[in-house]
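Working notes, beginning with the structure itself.
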Amino acid sequence: MAASDRDRSCFEGSDIEHLVTYLEMDGRPQATLQNAFPLIAVAFSDEGEVDLQERLALLGSLGTVPAVPLQRLDPANKSDSLALLRTLAEGGVGRLARYSTSITSELSILRRERETLLENYRALEDAFQARSWEPVSEVFSHDPYADPKDEGIGQLLANAFVEQLLPVSSLGVAGLALHLHSVPKASGELVVALRYLESGEGVAEWIVPYAQLVPNWNFFSLPRACGGAARTLRLRISATGPETVGLSLGYPIAGERYSARSELPHPDLDLRPLAFKVFTGLPGVKPASAPNMIAPSSLLEGQYIIDYRLAVDTLSQIADVSITPIVPEFQTVRFLEHEHAIVCHPLSSGISAGAVSRAVEPGTISFSASAVIDHPKGEPAAVSFLLAPANSNARSEVAELARKGTAKPSAFFSGWREVTANQVVNINIQLDEPVRGPMDLMILSRAVTDSVDFSWLKVSGFRLVKQSTEAADVR
């Protein structure tokens, strides 16, 4: 409590004298408090009240001290007032002290529980070491086998996908290994997704550039071994890029259920599984490291992931929405049915563009494709992709981009990438969240030099991924 020095006699000898700090009246006014933080200012006289008002006003310059309320009391009822003041001052402090004591007691209990938990972990580790239990062990393997009649499934990975059921329970699965007999040197990516068969719920996805792969066993690890109920795991593999990756197959087996399959027929997949290994560990525990280990690009827990590609019927509906003052003598935008590709020839001025209406499904989270100049003497060009809301004016969307250099807020723009005849480039759009409704896809090209001779820009390998938190139909 703060009080004026003029009222000192009212507090002296009382049982709250030790709780009072006096603001001196003589000399220069104080703007500081020494080891005190008053909850209330008390005055028993008119002079003391005036002095307190003057001194308390100076405390505002400190900034961190809130306004102190001033209470005027009657000296005639001093004993009752002092008892009330003591209850006010010590009651709150006492409750705070008791609360602090209880927190300290609970903290000591938590410390003892933590020490007990660490001791239990140490005992558990000693038990595993005593029984020679490995943190990660190989529980299943299909060795690679090259049949002389094999055509290779590399092209199948580029145009569709290959699926494989794992013949082990999901409980404790910590990772898997895939065998590659060849890895292309060109740019491209291997896309591996693991999900539960019963629900379609995703576990993890690996998007690995070819430069990170080796022509041998490649290990794909999970951040922790699968826990929960025992379920069936399904592996799905696809690839992007101009060259095919050599995914190995295993020896023929008698059961069709655990043979590799695809949405497109292929003679090599006749009762043949993929060459793979499965590793297990303690459910919910981070697995030990292994050679060539590849961490997942994203975790799909609680999400249902579907890879899809643009159908021939969809791509064939591409429309020319170019924004250019030049009227060429050839068709600048067209669909190559036998290659599942789009040609978008740039012109020396403006933007050549083709639009595919409602190509992108709701829930799509990423989009990727490959682009190359499909002529050995072709001049370089720039390519980009634009996703706009369905049924929007495609030509208006392209005109906005040509005029401002940026897309409308409702659209997604991949940015420009230069393409040459010597190297295929992969263009990706990764969205922060899934699109809420169908969207139109636009393929754009423009010149980067003064010449566009033989600049036949070919875009292919359209791969889209959509996700949701609701179970999808499981085949």
Side-chain angles (χ1 to χ4, degrees), residues 138-142 153 156-180 189-208 218-239 245 247-250 253-266 268-281 283 287 294-309 363 365-366 463-475:
E138 180 183 321
V139 296
F140 187 86
S141 176
H142 265 311
I153 60 174
L156 185 62
L157 295 176
N159 296 329
F161 59 83
V162 174
E163 288 185 340
Q164 171 75 60
L165 291 183
L166 303 189
V168 298
S169 164
S170 65
L171 185 61
V173 169
L176 55 100
L178 294 174
H179 189 276
L180 304 177
E189 295 173 330
L190 185 69
V191 182
V192 180
L194 189 65
R195 67 196 68 186
Y196 295 114
L197 174 66
E198 290 79 5
S199 64
E201 181 182 358
V203 178
E205 183 181 46
W206 297 263
I207 303 177
V208 190
N218 294 265
F219 295 85
F220 299 82
S221 69
L222 292 171
R224 61 181 182 274
C226 295
R231 289 173 282 183
T232 307
L233 289 170
R234 179 169 61 183
L235 188 66
R236 175 176 286 194
I237 306 171
S238 60
V245 63
L247 184 63
S248 300
L249 295 172
I253 59 176
E256 183 177 350
R257 175 175 173 81
Y258 293 107
S259 299
R261 60 170 297 276
S262 178
E263 59 182 342
L264 300 179
H266 196 284
D268 289 1
L269 300 183
D270 185 16
L271 296 179
R272 296 277 300 279
L274 297 177
F276 68 95
K277 298 180 180 181
V278 181
F279 299 87
T280 59
I294 303 170
S297 304
S298 59
L299 298 179
L300 309 178
E301 295 177 345
Q303 299 175 355
Y304 300 87
I305 305 299
I306 300 175
D307 298 339
Y308 69 99
R309 297 178 184 271
I365 192 69
S366 68
R463 176 181 178 269
L464 300 95
V465 178
K466 65 179 181 179
Q467 70 180 35
S468 69
T469 55
E470 299 180 358
D473 294 336
V474 180
R475 291 180 294 174

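In what follows, every heavy atom counts, from backbone to side chain, and hydrogens, waters and symmetry copies are set aside.
Interatomic distance, CD1 of I237 versus CG of L247, reported as 5.0 Å (0.5 Å rounding). Atom CD1 of I207 and atom CG of L190 lie 10.0 Å apart (nearest 0.5 Å). We find the OH-CG distance between Y196 and L194 to be 8.0 Å, quoted to the nearest 0.5 Å. With rounding to the nearest 0.5 Å, the separation of CD in E256 from CG in D270 is 9.0 Å. Summarising the geometry, atom CD belonging to E198 is positioned 4.0 Å from atom OG1 belonging to T232; distances are rounded to the nearest 0.5 Å. Put simply, CD on Q164 and CG on L269 are 9.5 Å apart, with the number rounded to the nearest 0.5 Å.
When all heavy atoms are compared, the tightest approach of F220 to L178 is CE1-CD1, 3.8 Å. Minimum interatomic distance between F279 and L176 (heavy atoms only, all atoms of both residues): CD1-CA, 4.2 Å. Nearest heavy atoms, R309 versus L157: NH2-O, 3.4 Å. In this structure, E205 and R463 approach most closely via the heavy-atom pair OE2-NH2, 3.3 Å. Looking at every heavy atom in both residues, L271 comes nearest to A254 through CD2-O, 4.3 Å. For Y258 against P273, the heavy-atom pair with the smallest separation is O-CB, 3.6 Å.
Listed by chain and residue number, Q155 satisfy the side-chain contact (heavy atoms from CB on, under 4.5 Å) test with A158 (two or more places apart in sequence, or in another chain). Among residues two or more places apart in sequence or in another chain, the side-chain contact (heavy atoms from CB on, under 4.5 Å) test is passed with S248 by P144, H179, H181, A275. Judged as a salt bridge (charged side-chain N to carboxylate O under 4.0 Å, His left out), and not counting sequence neighbours, the contacts of R272 are D150. Residues passing the ring pair (Phe, Tyr, Trp, His ring centres under 6.0 Å) test with F276 are F140, H142, sequence neighbours excluded. Under the side-chain contact (heavy atoms from CB on, under 4.5 Å) criterion, A160 pairs with L156, S262, E263, L264, not counting sequence neighbours.
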Listed pairs under 3.5 Å, donor-acceptor, residues 165-173 side chains, sequence neighbours left out:
{"unit_1": "S169", "atom_1": "OG", "unit_2": "L171", "atom_2": "N", "d": "3.2"}
{"unit_1": "S170", "atom_1": "OG", "unit_2": "R231", "atom_2": "N", "d": "2.8"}
{"unit_1": "S170", "atom_1": "OG", "unit_2": "R231", "atom_2": "O", "d": "3.2"}

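Within the 4.5 Å cutoff, the side chain of L233 has no heavy atoms near those of the L197 side chain.
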